[in-house]
Amino acid sequence: MAAPLICPSILASDFARLGEEVRALDAAGADWIHVDVMDGHFVPNITIGPDVVKALRPHTKLPFDVHLMVAPVDPWLEAYREAGADILTVHPESGPHLHRTLGRIRQLGAKAGVVLNPGTSLSVLDDVVELVDLVLLMSVNPGFGGQSFIDTTLRKIGKARAILDAAGSKAHLQVDGGVTAANAGACVAAGADALVAGTAVFRGGPSAYAANIQALKAA
């Protein structure tokens, strides 16, 4: 079984040192940089705008995996792509026309992802699976870091993997929320191939990042 991609969420980083944090993650062996964008409307928190993403872009060549927790989402696609996003993931609930939104992301030259909250049905994938490069399953309800992993997500991972395999999709299956070395192995065994982790990566400071990332890969 191949090691999963590790996508540290900078939501858990030191916001006073974001450029340094991104460079440290790159040096520590991260695969993608996960950027949680929250608008205080779609989710109860406010985080990172496109200008911050643009400022961080020169600090690494790693893909920027930008998770847009904003509504309406369509007006923001171009701004985050121009700022340096390589992957843009959107929630079905954040706009009226998911198919159009995913198509627009691809038109902009980014990879397109769809995010499913714990209470969002996998049936959403039925009519858009051909348009997605990434399916992100939330294993917490979005809005804040540091939450505990919802165990029923493991069953959902398995079902999502079956849907992707049946469609012949090469999309990544990513999990986000409460991921630790203790449950990372179960996520991968269920079918995930990319893991977003915040506290599990950033615990212990920059000198610990490499060991923390390796622990997640090896779990």
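The shown structure was predicted, so the numbers you read here are calculated from the model rather than taken from an experiment.
Counting only N and O atoms by type, the side chains of Asp193 and Gln174 include no donor and acceptor under 3.5 Å apart. Looking only at atom types and distance, the side chain of Ser9 has a donor-acceptor partner in the side chain of Asp36 under 3.5 Å away.
Listed by chain and residue number, Arg106 satisfy the salt bridge (Lys or Arg N to Asp or Glu O under 4.0 Å) test with Asp133 (two or more places apart in sequence, or in another chain). Taking the ring-ring contact (aromatic ring centres under 6.0 Å, His included) definition, one finds that His34 meets it with His67, sequence neighbours left out. Not counting sequence neighbours, Thr199 has no partner by the side chain to side chain donor-acceptor pair (under 3.5 Å) test. In terms of the side chain to side chain donor-acceptor pair (under 3.5 Å) criterion, residue partners of Thr60 (sequence neighbours excluded) are, by chain and number, Asp26. With sequence neighbours excluded, no residue forms a side chain to side chain donor-acceptor pair (under 3.5 Å) with Arg81. Remark: Glu82 engages no residue in a salt bridge (Lys or Arg N to Asp or Glu O under 4.0 Å) (not counting sequence neighbours). Under the salt bridge (Lys or Arg N to Asp or Glu O under 4.0 Å) criterion, Lys111 pairs with no residue, sequence neighbours left out. Residues satisfying the side chain to side chain donor-acceptor pair (under 3.5 Å) criterion with Tyr209, sequence neighbours excluded, are Glu21. Every residue two or more places apart in sequence or in another chain that forms a side-chain contact (heavy atoms from CB on, under 4.5 Å) with Ala171 is listed here: Val132, Leu164, Ser169.
Checking each of Ile10, Leu56, Leu88, Ile87 against Phe64 for a side-chain contact (heavy atoms from CB on, under 4.5 Å) leaves exactly one that passes, namely Leu56.
Applying the side-chain hydrogen bond (donor to acceptor under 3.5 Å, both in side chains) test to every pair with at least one member in residues 151-161, sequence neighbours left out, gives these pairs: Arg161-Asp165. Pairs of residues two or more places apart, or lying in two chains, that qualify as ring-ring contact (aromatic ring centres under 6.0 Å, His included) and include a residue from residues 157-185 are Trp32-His172.
Counting only distance, with no hydrogens or angles, the side chain of Ser94 and the backbone of Val90 share no donor-acceptor pair below 3.5 Å.
Cluster partners of Leu136 are Val115, Met138, Val140, counting Ile, Leu, Val, Met, Phe, Trp and Tyr whose side-chain heavy atoms approach within less than 4.5 Å, directly or via other members.
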